[in-house]
Amino acid sequence: MIRTPLQRSATVLGAILTLTLLGLFVSRAHSLDAHGQGADNTFNDSHFHLTNYVQKGTDVRTFLEIMGTRVGRSTLFGIPLQQQWSYANSGDVAPTYYLQTDAPLYYYSFTDAYIASVYRSLSPAEQARFDPMITGFNPADMYGVDHIRRVLQVFPGVFTGIGEFSIHKEFVSSKVSGETASLTNPALDRVLDFAAEAGLVVILHNDIDVPFAKENTEPVYLSQMKALLKRHPKTSIIWAHIGLGRVVHPVQVSEESATRNPNQMEIVEAMVTDPAFNHVSFDISWDEVAKYAVATPESIRRVVTILNNYPDRFLFGTDTVAPSAPGPYFAVFDIWTPVWRQLTPEASLKVRKGNYQRIFDEGRRRVRDWEKANVK
């Protein structure tokens, strides 16, 4: 077959295009560091549940496919509570969520062994993208800290931190079997003391207030939470969801009481500017939190202002539970689009990626050092 000059030119152009695309692919692959980080990663996920309230979830390799190259790294934990299926309560209807039944919840310690097993099934390169967390302990039990220590001893080289675990959580705390967790319980202090000793990063869920709180009143749990945080200045703590919940909304005050009662952003700003809380960060995870943030132009402005002014103190997380596909997983990040667009490049990078890497890299290093000294 004799090719015309036009055909030959098209062939050469096609070859050049193929080589160019191949070069871009190789360049991108080489631009990723040992943690899977690269310019194309949109975020690191500081708050992710692989399993749900009946300990079922997404296969970890399926989750890796969902992450793709859009997510560099992610925390990895289940849910420490198992929803009981009480036939007397719901009959043949098997609840999969705590709001689907009046039956109690109970602590499910096997979740930590499960998370360790799926993590260990991955290649070293895949493992580098995850930071597993210990969650299967009872924070109202003085022996809770022994569970955490035991997990580190049985599974060295796996875990980076503890959490997400909850103290006061709307509609959940009252359903947990046994003693109700409290911010003033010495059992919790023992857990946080050990986290400081071992270098474990802590993700703590504690609602700032009770559901359906009245306007112009001090949040019920704020003073106790601040006192707890001050008691543990050497522990790296992430306050999940900035203390918010599904119905525990941002603290609101009327114009008349604004001079004596701070609102949600003023509370957070007072904490990030107080040296007593230098060890505390806040995650902006959960779609419910995102909805509060982007509800109005004014709420967007307030959130953008505090993230731009204090970019080192906030981390993005999805708080998704066992997502089955990319759509539900990335939807949380996309809700924040009006905020991302108005952040400075520096603030955006730190909130989406940099703070995660700084905090969890240090956690990994310190926990591995503790294991070398304490695991025989």
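F48 and L64 fall within a single hydrophobic cluster, where Ile, Leu, Val, Met, Phe, Trp and Tyr side chains are chained together by heavy-atom contacts under 4.5 Å. Taking hydrophobic clusters as Ile, Leu, Val, Met, Phe, Trp and Tyr residues chained together by side-chain heavy-atom distances below 4.5 Å, V251 shares a cluster with L222. If you chain together hydrophobic residues whose side chains sit under 4.5 Å apart, V176 and V191 never meet in one group. A continuous path of ILVMFWY side-chain contacts below 4.5 Å connects V60 to F155, so both sit in one hydrophobic cluster. Note on F316: it clusters hydrophobically with V272, by side-chain heavy-atom contacts below 4.5 Å among ILVMFWY residues.
Note on residues 267-281: pairs passing side chain to side chain donor-acceptor pair (under 3.5 Å), not counting sequence neighbours, are E269-Y310. Within the structure, the ring pair (Phe, Tyr, Trp, His ring centres under 6.0 Å) test picks out the following pairs touching residues 179-201 (sequence neighbours left out): F194-W370.
With sequence neighbours left out, the side chain to side chain contact (heavy atoms under 4.5 Å, CB included) criterion links D319 to H47, H49, E164, H241, S285, W286. Residues that satisfy the side chain to side chain contact (heavy atoms under 4.5 Å, CB included) test with P104, not counting sequence neighbours, are Q84, S177. Checked against salt bridge (charged side-chain N to carboxylate O under 4.0 Å, His left out), D193 has no partners two or more places apart in sequence or in another chain. Residues forming a salt bridge (charged side-chain N to carboxylate O under 4.0 Å, His left out) with R150 (at least two apart in sequence, or on another chain): none. With sequence neighbours excluded, the residues forming a side chain to side chain contact (heavy atoms under 4.5 Å, CB included) with P250 are L244, Q264, Y292, listed by chain and number. Contacts of E197 classified as salt bridge (charged side-chain N to carboxylate O under 4.0 Å, His left out), with partners at least two apart in sequence or in another chain: none. Taking the side chain to side chain contact (heavy atoms under 4.5 Å, CB included) definition, one finds that L99 meets it with Y97, F171, R246, sequence neighbours left out.
Distance alone, capped at 3.5 Å, places no donor-acceptor pair between the S348 side chain and the T344 backbone. A distance-only check finds a donor-acceptor pair linking the side chain of W239 to the backbone of N206 [under 3.5 Å]. For the pair T318 (side chain) and T320 (backbone), a donor-acceptor distance under 3.5 Å is present. A donor-acceptor contact shorter than 3.5 Å is absent between the side chain of D207 and the backbone of V210. For the pair E371 (side chain) and G157 (backbone), a donor-acceptor distance under 3.5 Å is present. With hydrogens and angles ignored, the 3.5 Å screen pairs no side-chain donor or acceptor of Q252 with any backbone N or O of N216. With hydrogens and angles disregarded, a donor-acceptor distance shorter than 3.5 Å links the side chain of K175 to the backbone of A103. A donor-acceptor contact shorter than 3.5 Å is absent between the side chain of T111 and the backbone of P80.
Ion pairing of K350 with E346 is present here, as a side-chain N (NZ or NE/NH1/NH2) and a carboxylate O approach within less than 4.0 Å. Under a 4.0 Å N-O distance rule, the pair E362/R358 does not qualify as a salt bridge. Salt-bridge formation is not detected for the pair R366/D361: no Lys NZ or Arg NE/NH1/NH2 atom is positioned less than 4.0 Å from an Asp or Glu carboxylate oxygen.
Counting all heavy atoms, side chain and backbone alike, F137 lies closest to G144 at CB-O, 3.9 Å. Across all non-hydrogen atoms, the minimal contact from A187 to A140 is CB-C, 3.8 Å. The two atoms that bring T58 and S324 nearest to each other are OG1-N, 4.4 Å, heavy atoms only. For R73 against Q357, the heavy-atom pair with the smallest separation is NH1-CG, 3.5 Å. Residues I162 and A195 share a closest heavy-atom pair of CD1-CB, 4.3 Å. Heavy atoms only, all atoms of each residue included: L152 and A198 are closest at CD1-CB, 4.3 Å.
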Would you be so kind as to tabulate the donor-acceptor pairs closer than 3.5 Å made by side chains of residues 326-338, with sequence neighbours excluded?
from: Y329; atom 1: OH; to: D45; atom 2: OD2; distance (Å): 2.7
from: D334; atom 1: OD1; to: R70; atom 2: NH2; distance (Å): 3.0
from: T337; atom 1: OG1; to: D334; atom 2: O; distance (Å): 2.6

Only distances under 3.5 Å count here; give the side-chain donor-acceptor pairs of residues 113-122 to other protein atoms, sequence neighbours excluded, each with its distance to 0.1 Å.
from: S117; atom 1: OG; to: Y114; atom 2: O; distance (Å): 2.7
from: S121; atom 1: OG; to: V118; atom 2: O; distance (Å): 2.6

Derivation and outcome, side-chain contact (heavy atoms from CB on, under 4.5 Å), residues R313 and L307: CA-CA 8 Å; R313 306 297 291 278; L307 295 184; over 6 Å; no

side-chain contact (heavy atoms from CB on, under 4.5 Å) evaluation trace for Y53 with V172: CA-CA 11 Å; Y53 277 90; V172 170; 4.3 Å; yes

Worked check of side-chain hydrogen bond (donor to acceptor under 3.5 Å, both in side chains) between E65 and T62: CA-CA 5 Å; E65 293 175 0; T62 300; 5.1 Å; no

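Using a 3.5 Å distance cut-off with no hydrogens or angles, the side chains of Q153 and K376 do not pair a donor with an acceptor. At a cut-off of 3.5 Å, with distance as the only test, no side-chain donor of Q224 or T184 sits close to an acceptor on the other residue. A side-chain donor-acceptor contact under 3.5 Å links N89 and T101. For H147 and D141, the side-chain atoms include no donor-acceptor pair closer than 3.5 Å. A donor-acceptor contact closer than 3.5 angstrom links the side chains of T96 and Q100.
Members clustered with M133: F77, V201, I203, I238, L315, Y356, I359, F360, by chain and number, using a 4.5 Å side-chain heavy-atom cutoff among hydrophobic residues.
Distance check, rounded to the nearest 0.5 Å: NE2 of H249 to CD1 of I208 gives 11.5 Å.
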